Amino acid sequence: MASRSGVVFEDFFPAMVEKLGAEGFMKELCNGFRLLTDGDKGKITFESLKRNASLLGLQGMSDEEVMCMLREGDLDGDGALNEMEFCTLMFRLSPELMESSKELLEEAIVSEY
């Protein structure tokens with residue numbers, strides 16, 4: 001199922017970036033992070049991801065698939081995803097975005113000034 005969701009992200013994210021621009025897209029990623037976050041811990045945990053999987057259209061994910069997604073994105077090894085880890089994982093799931101991430105970052109930085 002993870003590969004299927006990867007295809008969804010590959011098709012959907014570049015269109016979002018084109019429509020919203022880099023800054024708008026990053027705001028939407030942050031909103032997505034907040035939707036999936038465990039309010040008490042401020043991170044995406046196994047429980048919060050499992051509970052909110054339907055928001056991503058992933059309600060059929062097994063516990064093992066949820067754990068794999070967390071492990072894939074968990075860069076600091078704490079068993080949960082902080083905002084930076086979540087955004088990094090979303091970019092990694094979209095190879096087209098990975099290729100253009102430098103330009104997106106530069107556009108977002110320029111638009112802040």
Side-chain angles (χ1 to χ4, degrees):
M1 181 152 204
S3 64
R4 186 174 72 177
S5 63
V7 171
V8 171
F9 289 130
E10 288 171 41
D11 293 340
F12 186 61
F13 280 4
M16 281 183 68
V17 171
E18 191 171 316
K19 180 180 177 187
L20 301 172
E23 186 177 355
F25 176 72
M26 292 308 290
K27 284 181 183 176
E28 285 303 310
L29 268 184
C30 292
N31 288 338
F33 173 76
R34 283 190 286 281
L35 280 174
L36 300 172
T37 298
D38 178 311
D40 295 332
K41 297 181 180 167
K43 295 183 177 192
I44 298 173
T45 63
F46 171 80
E47 294 79 15
S48 70
L49 185 55
K50 186 77 173 166
R51 182 174 56 248
N52 297 307
S54 63
L55 296 173
L56 299 174
L58 302 174
Q59 56 273 16
M61 286 181 74
S62 71
D63 288 355
E64 182 57 34
E65 288 170 319
V66 172
M67 286 304 298
C68 283
M69 183 179 270
L70 281 173
R71 280 193 298 268
E72 177 81 18
D74 183 15
L75 302 175
D76 63 10
D78 68 353
L81 301 179
N82 62 35
E83 192 170 27
M84 188 271 306
E85 290 170 329
F86 173 76
C87 291
T88 300
L89 177 61
M90 293 300 100
F91 270 81
R92 286 174 52 202
L93 290 173
S94 179
E96 189 175 331
L97 280 184
M98 280 297 288
E99 291 174 15
S100 61
S101 62
K102 183 175 184 234
E103 292 85 11
L104 289 171
L105 180 60
E106 289 171 356
E107 181 184 329
I109 290 170
V110 167
S111 68
E112 283 187 20
Y113 294 102

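Every value quoted in this text rests on a predicted model; they were computed, and no experiment measured them. The analysis underlying the following values was restricted to heavy atoms, covering all of them including side chains, and did not include hydrogens, waters or symmetry mates.
Annotation: side chain of L81 is not in contact with side chain of L36 (no heavy-atom distance under 4.5 Å). Contact of the L20 side chain with the K27 side chain is not registered, since no non-hydrogen atoms from C-beta on lie closer than 4.5 Å. You'll find the side chain of K43 reaches within 4.5 Å of the side chain of D78, heavy atoms only. Looking at heavy atoms from C-beta onward, E85 lies in side-chain contact with N82 at the 4.5 angstrom threshold. Under the 4.5 Å side-chain criterion, counting only non-hydrogen atoms from C-beta, M84 is in contact with L75.
Taken to the nearest 0.5 Å, the CD atom of E28 stands 9.0 Å off from the NZ atom of K19. Taking OG1 of T45 as the reference point, atom NZ of K50 lies at 12.5 Å (rounded to 0.5 Å). Residue F46 holds its CZ atom at 10.0 Å from CZ of R71, rounded to the nearest 0.5 Å.
Across all non-hydrogen atoms, the minimal contact from T37 to G42 is CG2-C, 3.3 Å. The shortest heavy-atom contact between L70 and G79 is CD1-O, 4.2 Å. The minimum heavy-atom distance between L35 and N52, with the atom names listed, is O-ND2, 3.5 Å. The minimum heavy-atom distance linking M61 with V66 is given by the pair CE-N, 3.6 Å.
Checked by atom type and distance alone, the side chain of E83 never pairs as donor or acceptor with a backbone atom of F33 at under 3.5 Å.
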